Structures are given as structure tokens and as C-alpha cells.
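Predicted, not measured: the structure shown is a model, and the values here were computed from it. Each ligand, and each atom within it, is numbered from 1 in the order the structure gives.
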Amino acid sequence: MKTFLLASLSLAISATAADKIKVLIVDGQNNHQWKMTTPVLKQILEEPGIFSVDVATSPEKGKGIESFQPKFSDYAVVVSNYNGEPWSAATKQAFEKYVSGGGGFVSVHAADNSFPEWPAYNEMIGLGGWGGRSEKSGPYLRLRDGKWTFDTTPGRGGSHGKQHEFALNNRAPEHPIMKGLPAAFMHRQDELYNSLRGPAKDVTVLASAMSPKDMGGSGEEEPLIMVIPFGKGRVVHDALGHGAEAVHCVAFAVTLQRATEWAATGKVAQKVPATFPDDKKSIERP
Ligand code: ZN
């Protein structure tokens with residue numbers, strides 16, 4: 001009897017696990033504290049109970065990146081916390097095939113610094129920064145008269161001023177990721193990336209923020225959460241999430257949870273929590 005109960009219980013558990021959206025976080029190299037942020041990203045994603053999350057950690061820099069061959073196709077969505085050495089040709093090809101074939105991809109913060117030399121990756125993220133990015137990488141996206149327009153002015157791709165708390169402006173209130181979120185909401189202290197450049201093909205800006213000049217910023221409204229189609233795949237470029245303050249933030253967590261579900265399924269069934277911040281005050285995650 002006991003054996004039978006245990007057997008059916010474990011069956012029930014595995015059925016539930018099988019219903020969950022399979023997420024793979026990739027990390028292992030980053031100029032940021034990925035060993036601190038990956039567990040927070042994992043916890044954020046496990047919280048709603050709809051995702052099962054695995055982590056694939058690459059070898060350290062110079063220790064054989066060729067052996068890094070995650071099985072992307074086993075997952076509905078890949079979340080990147082990776083900014084490091086180029087992956088092998090085989091891994092790049094597998095990733096392109098995975099996303100273009102309908103896989104989801106969420107790029108978090110410095111993941112958009114990665115792979116300046118990889119054209120398909122830059123198409124996926126739409127815009128990127130650092131790594132020698134310049135006008136050769138593509139235009140800046142600038143908000144002019146309410147429209148995101150290409151600015152081909154020569155200059156570097158990627159910069160940020162001093163870290164600070166800032167308001168995110170909801171630029172696509174009808175998009176499933178943004179639906180039900182306020183017109184503006186506060187995000188905890190973070191690096192506000194500015195002047196990213198890239199192919200910027202079919203980018204829909206979901207959230208942006210003013211990068212103030214007096215904090216060393218661009219004086220422009222900067223796109224910070226974007227969606228980009230890549231073949232049959234859905235990509236979310238989330239430029240937020242530099243460090244501890246930024247990831248322990250309700251605005252960051254909820255937008256990441258919604259972005260990951262959307263990248264995987266094209267829909268968002270999660271409800272916006274009552275604790276979601278307004279445009280006055282950011283909220284630390286419990
Ligand atoms: Zn950073």
C-alpha cells in the first residue's frame with residue numbers, strides 16, 4: 001500500500017513538472033557577478049510555479065569553451081546571463097537553429113554586451129553595447145515625436161552613467177508582457193544602459209527610461225526592455241539587472257517572469273501582483 005501511494009505520488013509530481021515551462025539559464029562568464037545573480041534569476045523564475053529552471057554553466061575563460069554545448073532544444077526558453085568568450089561554431093549554430101525554429105530567448109543585462117562578432121545574435125537582441133560596437137553595428141534607437149527612429153550618427157555603442165533608481169515608462173501597454181502594468185513604474189538602483197547600437201530590425205520597445213545627463217547619461221529616453229522576432233522565435237532583450245539592488249526588485253522580477261513566459265509561449269497568464277510598484281517608489285523583493 002505504502003509503495004503504491006509513493007509510486008502514484010511521484011507520478012503526480014513528475015506530471016506536474018512535465019507541464020511546467022522548461023527554462024535554461026546560461027552563464028559561466030560575465031564581467032558581472034553572475035554567481036550572485038543567477039541564483040536570484042532562478043528563484044524569481046521558480047516563484048510563479050509555472051517554470052522549471054535548469055542552469056548551464058560554461059567553462060571559465062580560457063578553459064575550453066568549445067565543450068559548452070547546452071541542449072537548447074530541450075527547453076522552451078533560454079535566459080542568458082552570459083557575457084564572455086565566443087561559443088563554438090557548433091553551439092552558435094545550434095542556438096540560431098533553436099531560436100529561429102521557435103525557441104524563446106531572454107537576454108539579461110550584460111548578455112547584450114556579448115558576441116559583437118556574431119551577426120545572428122545581434123539580430124536577435126536588436127541592440128547591443130560595448131565589445132567594440134559602433135556605427136558599424138547599426139543605428140541607435142531614438143524616440144522622436146513619439147516614434148522610435150534610427151539614428152546613424154557615428155559613435156560608440158553602449159554606455160552608462162552612475163547607477164540610480166529610475167522610472168520605467170510602459171511603451172506597449174497592450175503587449176502581453178506589459179498589459180496591466182502601470183504607465184510608469186519605479187525600478188531599484190541599476191545601471192541604465194544608454195546608446196546601444198545594433199541591426200534594430202523589427203524591435204518593439206516595451207519599456208524605456210530617461211537617461212539623465214546629470215547622472216552621466218545620454219539625456220535620451222533609452223529602450224530597456226524590447227521584443228524582437230527571430231524566425232519563428234521570440235526574443236526579449238532586458239537590459240536591466242546589473243547587481244544586487246537591481247535584481248532584488250519587484251519591477252525587475254515581475255517583468256522577467258512575464259517576459260520569460262511570453263518568450264516561451266507567446267502568452268502571459270501570470271497576474272500582476274498587488275505589490276507592483278507605481279511611479280513614486282521602487283519596491284525591494286521580500
Ligand atoms: Zn552592469
Test side chain to side chain contact (heavy atoms under 4.5 Å, CB included), reference Arg285, set Thr275, Val254, Val250, output is Val250
- [ ] Would you check if the side chain of His237 reaches a backbone N or O of Ser107 as a donor-acceptor pair within less than 3.5 Å?
- [x] no
Counting only protein N, O or S atoms and ignoring waters, those under 2.8 Å from the Zn ion (ligand 1) are His32 NE2, His109 NE2, Glu191 OE1, His242 ND1
* Can we say Lys42 and Glu46 salt-bridge, meaning some charged N sits less than 4.0 Å from an Asp/Glu carboxylate O? -> yes
Name every donor-acceptor pair, under 3.5 Å, that has one atom in a side chain of residues 181-190 and the other anywhere in the protein, sequence neighbours excluded.
| residue | atom | partner | partner atom | Å |
| --- | --- | --- | --- | --- |
| His187 | NE2 | Asp190 | OD2 | 2.7 |
| Arg188 | NH1 | Glu245 | O | 3.2 |
| Arg188 | NH1 | His248 | O | 2.9 |
| Gln189 | NE2 | Gln163 | OE1 | 3.3 |
| Asp190 | OD1 | His242 | N | 3.0 |
| Asp190 | OD2 | Gly241 | N | 2.8 |

- Task: Give me the ring orientation class for Trp87 and Tyr82: parallel if the planes are under 30° apart, tilted from 30 to 60°, perpendicular past 60°.
- Result: tilted
Run Val53 and Ile25 through side chain to side chain contact (heavy atoms under 4.5 Å, CB included) and show every step you take. CA-CA 7 Å; Val53 186; Ile25 299 177; 3.7 Å; yes
